[in-house]
Number of protein chains: 2
Amino acid sequence: MNPEQLFKCLADETRLLSTLLIQAEGELCVCELMEALEDSQPKISRHLAQLRNCGILTDRRDRQWVYYRLHPQLPKWVTDILATTSAAQQGRLKPCLQKLKTMDCRPESCA
Amino acid sequence: MNPEQLFKCLADETRLLSTLLIQAEGELCVCELMEALEDSQPKISRHLAQLRNCGILTDRRDRQWVYYRLHPQLPKWVTDILATTSAAQQGRLKPCLQKLKTMDCRPESCA
DNA sequence: TTTGAATATACGGATATACATATATTCAAA
DNA sequence: TTTGAATATATGTATATCCGTATATTCAAA
């Protein structure tokens with residue numbers, strides 16, 4: 001992973017916010033991100049696939065849900081950049097995280 | 001300046017290395033970057049213009065040379081990201097800086 | 001005021017990217 | 001074993017990006 005690759009991934013709003021929300025929450029599935037970002041399922045899924053292919057995220061399937069989390073072996077400079085970016089974007093992240101909290105039925109809590 | 005804009009700027013090799021070299025050297029003109037990156041004049045100039053338009057760089061003209069430097073009012077999260085990236089890319093920057101040092105005739109030193 | 005060096009920009013073509021829509025896949029419950 | 005929910009992928013289209021080439025601009029020296 002070189003900086004150009006990382007920055008290309010983070011240069012798109014959907015991918016940036018998905019990454020930062022996942023970083024904040026530890027793990028999120030596609031339907032949670034659809035809710036948090038108010039975006040379509042194919043759009044979210046496509047961008048998550050790209051983040052996984054670049055090595056930024058990994059996924060695991062649990063029943064019918066696929067959970068995405070940060071790749072556990074990210075280099076420190078990558079996690080540092082994510083942390084710095086997250087701190088600078090708290091204002092944009094907060095309402096998204098709020099939407100997660102008020103979701104009718106999140107997979108983990110009501111499956 | 002939001003992170004998507006910054007990351008889009010840094011997602012291109014020419015713009016990334018130009019920015020990091022300018023950060024390392026304080027100030028560089030187009031012809032120095034042409035030498036350091038072994039790239040054409042229009043290519044360097046075009047990418048520097050984009051970095052200036054995004055607010056990452058500013059320029060000043062001195063005689064026939066135009067010098068670019070980091071914009072003096074960059075937010076801290078931006079300079080933090082540049083510093084982190086630079087530290088992670090020392091291996092790629094070193095040979096470029098070396099080419100600068102061995103340039104026949106750098107504007108500042110032989111005008 | 002002409003010439004040349006340094007830089008900027010315009011233009012056209014090739015490639016990449018993002019999106020909406022439609023369809024496929026995977027899984028669990030009925 | 002059919003159905004529906006969650007997710008993934010394929011396809012076509014529109015737009016953005018990047019590059020090389022050519023040309024314009026700016027400045028200083030002759």
Side-chain angles (χ1 to χ4, degrees), chain A residues 4-19 21-22 27-54 56-69 100 103-111, chain B residues 4-19 21-22 27-54 56-69 100 103-111:
Chain A
E4 293 95 312
Q5 283 180 280
L6 174 68
F7 293 144
K8 193 169 293 189
C9 280
L10 302 181
D12 173 89
E13 181 175 31
T14 304
R15 290 193 299 270
L16 176 71
L17 295 180
S18 294
T19 303
L21 290 171
I22 287 168
E27 209 174 47
L28 288 173
C29 67
V30 177
C31 63
E32 289 173 315
L33 286 167
M34 289 171 59
E35 189 89 8
L37 300 178
E38 302 185 41
D39 259 319
S40 72
Q41 182 272 320
K43 184 171 169 183
I44 298 286
S45 182
R46 206 178 338 115
H47 285 299
L48 290 177
Q50 186 173 340
L51 289 165
R52 174 170 27 75
N53 292 339
C54 287
I56 295 173
L57 303 180
T58 47
D59 60 348
R60 76 178 169 91
R61 178 178 277 276
D62 177 24
R63 319 176 73 162
Q64 66 260 61
W65 297 285
V66 176
Y67 290 94
Y68 287 86
R69 63 183 188 284
L100 276 182
M103 261 183 85
D104 287 345
C105 184
R106 292 179 69 179
E108 276 304 317
S109 53
C110 79
Chain B
E4 292 96 312
Q5 282 180 277
L6 174 68
F7 293 144
K8 192 169 294 188
C9 280
L10 302 182
D12 173 88
E13 180 175 32
T14 304
R15 290 193 298 271
L16 175 71
L17 295 180
S18 295
T19 303
L21 290 171
I22 286 168
E27 208 174 47
L28 286 174
C29 67
V30 177
C31 64
E32 289 174 316
L33 286 167
M34 289 172 59
E35 189 88 9
L37 301 178
E38 301 185 40
D39 257 319
S40 73
Q41 182 273 320
K43 184 172 170 183
I44 298 286
S45 183
R46 213 177 327 124
H47 285 298
L48 290 177
Q50 185 173 341
L51 289 165
R52 174 170 27 75
N53 292 338
C54 286
I56 296 174
L57 302 180
T58 47
D59 60 349
R60 77 178 169 92
R61 178 178 277 275
D62 178 23
R63 318 176 75 164
Q64 66 261 60
W65 298 284
V66 177
Y67 290 93
Y68 287 86
R69 62 183 189 284
L100 275 182
M103 258 183 87
D104 287 344
C105 184
R106 292 179 69 179
E108 275 305 315
S109 54
C110 80

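On a predicted model such as this, the values are computed, not experimentally measured, just so you know. To find a chain, count down the sequence lines: A is the first, B the second, and so on, and within it residues start at 1.
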*asked:* Using only atom types and a distance under 3.5 Å, with no angle test, would you say the side chain of A/Ser45 pairs donor to acceptor with the backbone of A/Gln41?
replied: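 It does not hold such a pair.
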_Main-chain N/O of B/Cys29 paired to B/Glu32 side chain as donor or acceptor, under 3.5 Å_ =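 Between the backbone of B/Cys29 and the side chain of B/Glu32 there is a qualifying donor-acceptor contact (under 3.5 Å).
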For [X] and [N], what is the distance between atoms [atom1] and [atom2] respectively, to the nearest whole Å?
| X | N | atom1 | atom2 | answer |
| --- | --- | --- | --- | --- |
| A/Lys43 | D/dA10 | NZ | P | 20 Å |
| B/His47 | C/dA8 | NE2 | P | 13 Å |
| B/Asp12 | C/dT15 | CG | C1' | 14 Å |
| A/Asn53 | D/dT9 | CG | P | 8 Å |
| A/Asp62 | D/dA5 | CG | C1' | 14 Å |
| A/Gln50 | C/dC19 | CD | P | 10 Å |
| A/Met34 | D/dA5 | CE | P | 13 Å |
| B/Leu33 | C/dA8 | CG | C1' | 15 Å |

*Would you classify A/Arg46 as touching base, sugar-phosphate or nothing, given that sugar-phosphate means primed atoms plus P, OP1 and OP2, and contacts are heavy atoms under 4.0 Å?*
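Since a base atom lies under 4.0 Å of A/Arg46, the category is base.
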*Quick one: do B/Val66 and B/Leu48 satisfy side-chain contact (heavy atoms from CB on, under 4.5 Å)? Show the steps, please.*
CA-CA 11 Å; B/Val66 177; B/Leu48 290 177; over 6 Å; no
Closest approach to the side chain of [X], judged atom by atom: which nucleotide of [options] is it?
| X | options | answer |
| --- | --- | --- |
| A/Pro42 | C/dC27, C/dA8, C/dT21 | C/dT21 |
| A/Val30 | C/dA8, D/dA8, D/dC18 | D/dA8 |
| B/Trp65 | D/dT9, C/dT7, D/dC18 | C/dT7 |
| B/Arg52 | C/dT9, D/dC18, C/dA6 | C/dT9 |
| A/Tyr68 | D/dA28, D/dA8, D/dC19 | D/dA8 |

*Would you please confirm or rule out a distance under 4.0 Å between OP1 or OP2 of C/dT17 and any side-chain N or O of A/Lys8?*
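Checking C/dT17 against A/Lys8, a side-chain N or O does come within under 4.0 Å of OP1 or OP2.
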*Check whether any side-chain N or O of A/Arg63 sits under 4.0 Å from OP1 or OP2 of C/dA29, and answer yes or no.*
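Yes, A/Arg63 has a side-chain N/O under 4.0 Å of OP1/OP2 on C/dA29.
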*Can you find an N or O donor on one side and an acceptor on the other, under 3.5 Å apart, linking the side chain of A/Gln41 with the base of D/dA6?*
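It does not, because no donor-acceptor pair links the side chain of A/Gln41 to the base of D/dA6 below 3.5 Å.
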*Separation of A/Gln5 CD from A/Ile56 CD1 (nearest 0.5 Å)*: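 Between atom CD1 of A/Ile56 and atom CD of A/Gln5 there are 8.5 Å.
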*Going through the checks in order, is the side-chain contact (heavy atoms from CB on, under 4.5 Å) test met by A/Leu100 and A/Leu28?*
CA-CA 10 Å; A/Leu100 276 182; A/Leu28 288 173; 3.8 Å; yes
_Complementary nucleotide of D/dG4, counting Watson-Crick and G-U pairs under 3.5 Å_ =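 Looking at the geometry, D/dG4 pairs with C/dC27.
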*asked:* My understanding is that a pair needs two contacts under 3.5 Å, Watson-Crick or G-U wobble. By that rule, which nucleotide pairs with D/dT13?
replied: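 Paired with C/dA18.
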*Between A/Ala49 and A/Gln64, who's closer to the 5' end of DNA chain D by nearest nucleotide?*
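Its nearest nucleotide lies further toward 5', so the answer is A/Gln64.
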